[in-house]
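Only heavy atoms go into these numbers, but all of them, side chains included; no hydrogens, no water, no symmetry mates. Every number for a ligand or one of its atoms is a count from 1 in the order of the listing.
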Amino acid sequence: MPLRLLKYALSREHPAPRFFRACEKPKDSYDVVIIGGGGHGLAAAYYLAKDHGITNVAVLERGYIGGGNTGRNTTIVRSNYLTPEGVNFYNASVKLFEDLSQDLNLNLFYSTRGHFTLAHTESAMRTMRWRAEVNKHVGVESYVVGPDEISKACPQLDISCSGQAPIHGALYHAPGSVARHDAVAWGYARGADQRGVEIYQNTEVTGIDVQGGKVRGVHTSRGYIATNKVLSAVAGFTPRVCKMVDVQTPIVIQPLQACVSEPMKPWLDTILVSGSLHVYVSQSSRGELVMGSSLDPYEVHSTRSSLDFVEGLTSHILDMFPFLSNIKIVRQWAGMADITPDFAPIMGKTPVDGFYLDAGWGTWGFKATPISGKSMAETIANDKAPELIHSFRLSRFEEYELTGEKGAASVGH
Ligand code: FAD
Ligand code: PYC
């Protein structure tokens, strides 16, 4: 029996175990304030402390950590993108994910499954060949496969999709994985806390103090905090926070919905995505089928999930797997996805000195959590963005140098 457990058992006091310190009251000032205790904000805090020795940092979260899109996503990690810049960036994240359980000393249930993007038309096959070529060029293992190889990997899949949309082939991406999303947030929170970062939940930033084009502090639901550096990592709340500093972005907020089935015996090893049927599915370590579809086709700042969604999704899942007709959906939810026109993120400096932006993660940001945290920490520490994220700068929109990733973003292409 571990000594710690024995000591706890023999002790007269049994305080509830805490994952990180309960910080009572924010200090008057910090070197860096991070708005948003999702994976991205917490990872940035962790790497600021670990890589750059910057520990006088507060993470302010209006709700609870991981309660935003981090705890709502379907946990797919992959790097089979369309642009060389995207593939390089997400590949760096996959590499960090592979060692992250050890790095954070927490089991993130990182599970490499292989990822199939199914093509139901010849034009979809052309996109797959294009992606395979770019991936190969960057050294990422993705290649086009035919229906036989798909059937071998997933014999339960009806290759004709009930005659609705016969599968022509797929892009197979060997490193495609899933991981526990909330564990990622909690692991980064604990690692940052252990290095001195303070985390405040139930603490909302209500305004940002900018004087002479420079950040001077933040107004919060718990008072004013002075700081010269603010990172906004608030995903679906980005337009509201950017308004506080008068920074314009082309982001629109659209809901993305997902659901899980009741648990089943393990039968689905791989991750399957169908662009034409607008659905994707994997099986979690608890046996649930984790399923989602495309973005809701309208802008709304809400996390309500709908009957329409679950009806549309399940009918297409049944086209692929008719044998699932008696399986129950047990939970459904939505997140507010911050969508950019080119389906690539916005990362780096902004026109306001000391205001850094990590946004535009839409439906694709969970997989980027480690590398975005590392890159944003470097940007804040040096006041200069690393080359790796140059293509994601905010100014690309006015320079008309877009980083077109629509053909590789989750299920919509
Ligand atoms: P969040 O986790 O949303 O964190 C932002 C935090 O900021 C929130 O907790 C919020 O409360 C807080 N906040 C906002 N305003 C304030 C304020 N004023 N003051 C203080 N705190 C504030 N990506 C993938 O890579 N793979 C997937 O399989 C995948 N599936 C998805 C499925 C769904 C249904 C959804 C909705 C998204 C999915 N994504 C996926 C996208 C991914 O979830 C997000 O891009 C990612 O989690 C964003 O992380 P974040 O830390 O930036 O944001
Ligand atoms: O980025 O792979 C992805 C994804 C799948 C579902 C939502 N996002």
State the atoms of ligand 2, each with its element, that fall below the 4.0 Å cut-off from a heavy-atom position in Arg78. 1 (O), 2 (O), 3 (C)
Residues Asp209 and Tyr224: side-chain donor-acceptor under 3.5 angstrom: yes
Do you know which two heavy atoms are closest between Asp31 and Thr227, and how far apart they sit? O-OG1, 3.3 Å
Which bit of Phe366 gets closer than 4.0 Å to ligand 2, counting heavy atoms only: side chain, backbone, both or neither? neither
In terms of relative ring orientation, are Phe97 and Phe366 parallel, tilted or perpendicular, with 30° and 60° separating the classes? tilted
With the threshold set at under 4.0 angstrom, would you say His115 reaches ligand 2 through any of its heavy atoms? no
Could you pull out every protein residue that has a heavy atom closer than 4.0 Å to ligand 1, ordered by chain and then number? Ile35, Gly36, Gly38, Gly39, His40, Leu60, Glu61, Arg62, Gly68, Asn69, Thr70, Arg72, Asn73, Thr74, Thr75, Ile76, Thr203, Glu204, Val205, Ala233, Val234, Ala235, Phe237, Leu256, Ala258, Tyr280, Gly335, Trp361, Gly362, Thr363, Trp364, Gly365, Phe366, Lys367
Backbone or side-chain N or O of Thr363 under 3.5 Å from ligand 2 N or O: yes
Of all the atoms in ligand 2, which lie at a distance below 4.0 Å from a heavy atom belonging to Tyr280? 6 (C), 7 (C)
Thr403 and Ser391 side chains, donor-acceptor separation under 3.5 Å: no
Distance only, no hydrogens: is a donor on one side chain within 3.5 Å (strictly under) of an acceptor on the other, for Tyr64 and Asn202? no
Looking only at side-chain N and O atoms, does Thr74 offer a donor or acceptor that is under 3.5 Å from a partner on Tyr280? yes
Quick one: does NZ or CZ of Lys367 land under 6.0 Å from the six-membered ring centre of Tyr90, within 45 degrees of the ring axis? yes
Enumerate the salt bridge (charged side-chain N to carboxylate O under 4.0 Å, His left out) contacts for residues 214-242, please, sequence neighbours excluded, ordered by first and then second residue. Lys214-Asp353
Where ligand 2 meets Ile76 - atom numbers and elements under 4.0 angstrom, heavy-atom basis: 2 (O), 5 (C)
Tell me, with the steps shown, if Leu394 and Val247 meet side chain to side chain contact (heavy atoms under 4.5 Å, CB included). CA-CA 10 Å; Leu394 174 61; Val247 164; 3.9 Å; yes
